[in-house]
Amino acid sequence: MKFSLIVPVYNVEKYLDKCLESILYQSYKDFEVIIVNDGSPDNSQEIIDKYVHQDTRFKSYIKENGGLSDARNFGVSKAQGDYLLFIDSDDYIEHDLLSSISDICSGNDIIKFNITLVDEHYDIIKRARKYESKADATFKDVLSVELFQPACGYAYSTVFWKNNKFEFAKGRIHEDFGLIPYCTLIAKKRYLLDYYGYNYLQRTGSIMNGAHKAKRRAYDMLFHFDTLVDRINNISDASVNKKDKSLYLSYIANNTISMIRFLDKENRQEYLKDLKKRKITKYMLADTFPRKIKKIIASISLETYIKYRFK
């Protein structure tokens with residue numbers, strides 16, 4: 001079993017050693033590291049070269065800057081392993097991550113493991129909600145353990161990924177939301193592994209931070225919502241059961257609606273109009289009494305729903 005670890009790099013010289021060292025000293029040895037320098041203007045390439053010269057499993061590629069999604073997609077095109085993992089270059093993995101998943105990969109399209117959120121001193125901020133290991137996990141099982149679906153919390157069968165021609169949306173943030181729910185939905189075999197194997201660095205100035213990016217964040221989510229709806233509408237009913245389809249649509253609708261809370265008054269009104277234009281509340285589930293109440297509130301006023309949901 002060979003793993004392909006894809007590491008996009010851009011302006012991370014402060015963190016890159018920690019990331020690559022965590023890969024270098026993995027207890028499981030059969031892997032390749034595809035490092036994609038996405039036109040980084042700092043000294044990241046010098047650090048990359050150090051690992052490439054030290055270990056032939058580390059492979060360096062330099063390309064013009066195209067953003068995180070483009071770098072990941074490029075990395076996938078170079079992958080030779082049986083399973084893919086995406087590792088952001090300011091994050092790091094536990095030394096036994098690959099050995100922990102190697103015995104359960106075969107036959108599974110995706111393997112979900114858990115994530116720890118750390119600060120710039122590598123102290124734990126929080127851990128994603130713990131869950132029990134489960135083979136043959138359902139789509140509902142996967143959604144129940146995580147609200148958002150970061151790409152770095154999974155290993156993916158390379159055949160599954162390439163056969164479905166998965167790609168992250170270039171030039172958009174929230175790129176994981178734009179793909180991973182669909183990837184999880186159409187997987188035939190999923191495995192939940194009770195193991196905290198990935199450390200996600202929450203740092204100042206990262207792509208996700210900054211109030212000035214609130215409008216872009218919201219509208220990129222809306223872009224992904226439209227894409228995710230199109231994806232599900234373009235596959236046969238036989239591929240996905242009705243309950244999973246409804247759950248998927250409700251999940252992406254709720255996450256898109258939730259972006260309202262980050263917007264100022266002017267941009268909020270514009271965003272609300274675009275949500276109403278899509279009749280987004282029709283996708284919300286009403287299969288339980290609490291969900292029915294939430295859908296009624298959202299149908300009357302999305303702003304009231306957001307206040308009710310995140311109070």
Side-chain angles (χ1 to χ4, degrees), residues 66-70 72 88 117 128 139 143-144 146-153 166-185 200 202-234 245-288 290-311:
L68 177 61
S69 293
D70 193 47
R72 283 177 173 174
D88 290 348
L117 190 66
F139 177 65
L143 285 192
S144 69
E146 197 159 40
L147 182 59
F148 284 96
Q149 301 292 306
C152 56
F166 293 137
E167 284 194 335
F168 295 97
K170 184 178 177 180
R172 302 283 179 172
I173 53 178
H174 295 302
E175 63 286 326
D176 292 355
F177 173 76
L179 177 60
I180 304 306
Y182 179 72
C183 174
T184 308
L185 175 70
Y200 182 96
Q202 185 71 59
R203 64 185 174 99
T204 305
S206 65
I207 291 175
M208 294 297 294
N209 289 328
H212 64 287
K213 293 183 179 177
K215 182 176 180 179
R216 182 188 170 193
R217 290 175 62 191
Y219 275 92
D220 277 359
M221 283 287 282
L222 196 57
F223 170 85
H224 294 312
F225 170 80
D226 290 339
T227 301
L228 289 167
V229 171
D230 286 343
R231 284 181 185 273
I232 195 67
N233 287 336
N234 287 326
K245 180 177 180 179
S246 297
L247 183 60
Y248 166 92
L249 290 169
S250 184
Y251 166 78
I252 63 173
N254 272 290
N255 278 287
T256 306
I257 291 168
S258 73
M259 300 306 293
I260 294 170
R261 70 191 194 276
F262 300 115
L263 296 169
D264 59 25
K265 186 175 181 180
E266 181 181 352
N267 288 320
R268 182 179 299 177
Q269 293 307 310
E270 179 185 345
Y271 191 66
L272 283 167
K273 288 179 183 177
D274 285 319
L275 293 179
K276 291 173 183 176
K277 191 185 300 181
R278 289 164 172 77
K279 299 180 180 178
I280 199 166
T281 57
K282 74 179 181 181
Y283 298 108
M284 296 173 65
L285 285 174
D287 55 338
T288 64
R291 283 176 172 167
K292 188 176 294 185
I293 295 299
K294 288 178 182 178
K295 185 169 184 175
I296 291 171
I297 294 171
S299 299
I300 296 170
S301 169
L302 284 171
E303 285 192 279
T304 302
Y305 169 68
I306 288 298
K307 290 178 183 177
Y308 170 77
R309 184 181 173 193
F310 294 99
K311 63 182 179 180

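- Here the shortest heavy-atom pairing between Tyr248 and Val229 reads OH-N, 4.5 Å.
- A 4.5 Å side-chain heavy-atom check between Phe168 and Ile180 finds at least one atom pair inside the cut-off.
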Check the pair Ile173 / Leu68 against side-chain contact (heavy atoms from CB on, under 4.5 Å), numbers first and verdict last.
CA-CA 9 Å; Ile173 53 178; Leu68 177 61; over 6 Å; no
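- In this structure, Gly178 and Arg231 approach most closely via the heavy-atom pair O-NE, 4.0 Å.
- Thr256 and Phe225 get closest at one heavy-atom pair: OG1-CB, 3.4 Å.
- Judged by a 6.0 Å distance limit and a 45° cone about the ring axis, Arg172 is positioned over the six-membered ring of Phe223.
- The aromatic rings of Phe166 and Tyr182 sit perpendicular to each other, their planes meeting at more than 60°, with 30° as the lower class boundary.
- Ion pair Asp220/Lys213 not flagged as a salt bridge, since none of the NZ, NE, NH1 or NH2 atoms sits closer than 4.0 Å to an Asp/Glu carboxylate oxygen.
- Closest heavy-atom contact between Ala214 and Leu263: O-CD2, 3.6 Å.
- Counting only heavy atoms from C-beta outward, the side chains of Arg72 and Asp176 approach each other to under 4.5 Å.
- Within the 4.5 Å cutoff, side-chain heavy atoms of Cys152 are placed close to those of Tyr200.
- Atom CD of Gln269 sits about 7.5 Å away from atom NZ of Lys265, to the nearest 0.5 Å.
- You'll find the side chain of Leu228 stays beyond 4.5 Å of the side chain of Ile232, heavy atoms only.
- Side chains of Asn254 and Arg309 form a contact here, defined as non-hydrogen atoms less than 4.5 Å apart.
- With rounding to the nearest 0.5 angstrom, the CG atom of Leu275 is 11.0 Å from the CD atom of Glu270.
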Let me see the working for Tyr305 and Ile296 under side-chain contact (heavy atoms from CB on, under 4.5 Å), right down to the final yes or no.
CA-CA 9 Å; Tyr305 169 68; Ile296 291 171; over 6 Å; no
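- A distance of 11.5 Å separates CD1 of Ile257 from NZ of Lys294, quoted to the nearest 0.5 Å.
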Can Tyr271 and Tyr219 be said to form a ring pair (Phe, Tyr, Trp, His ring centres under 6.0 Å), step by step?
CA-CA 8 Å; Tyr271 191 66; Tyr219 275 92; 5.3 Å; yes
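- Summarising the geometry of Ile252 relative to Leu249, their closest heavy-atom pair is CG1-O, 3.3 Å, with the distance given to 0.1 Å.
- Taking 4.5 Å as the limit, every side-chain heavy atom of Tyr251 sits out of range of all side-chain heavy atoms of Leu247.
- Between Leu143 and Thr184 there is no side-chain heavy-atom pair separated by less than 4.5 Å.
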Given Leu302 and Ile306, is the side-chain contact (heavy atoms from CB on, under 4.5 Å) satisfied, shown in steps?
CA-CA 6 Å; Leu302 284 171; Ile306 288 298; 5.6 Å; no
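- In this structure, Ala169 and His224 approach most closely via the heavy-atom pair CB-CE1, 3.8 Å.
- Side-chain contact between Arg268 and Glu303 is present, with at least one heavy-atom pair separated by less than 4.5 Å.
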Let me have the donor-acceptor pairs involving side chains of residues 280-288, under 3.5 Å, with sequence neighbours excluded, atom names and distances please.
{"unit_1": "Asp287", "atom_1": "OD1", "unit_2": "Arg291", "atom_2": "NH1", "d": "3.0"}
{"unit_1": "Asp287", "atom_1": "OD2", "unit_2": "Arg291", "atom_2": "NH1", "d": "3.1"}
{"unit_1": "Thr288", "atom_1": "OG1", "unit_2": "Arg291", "atom_2": "N", "d": "3.3"}

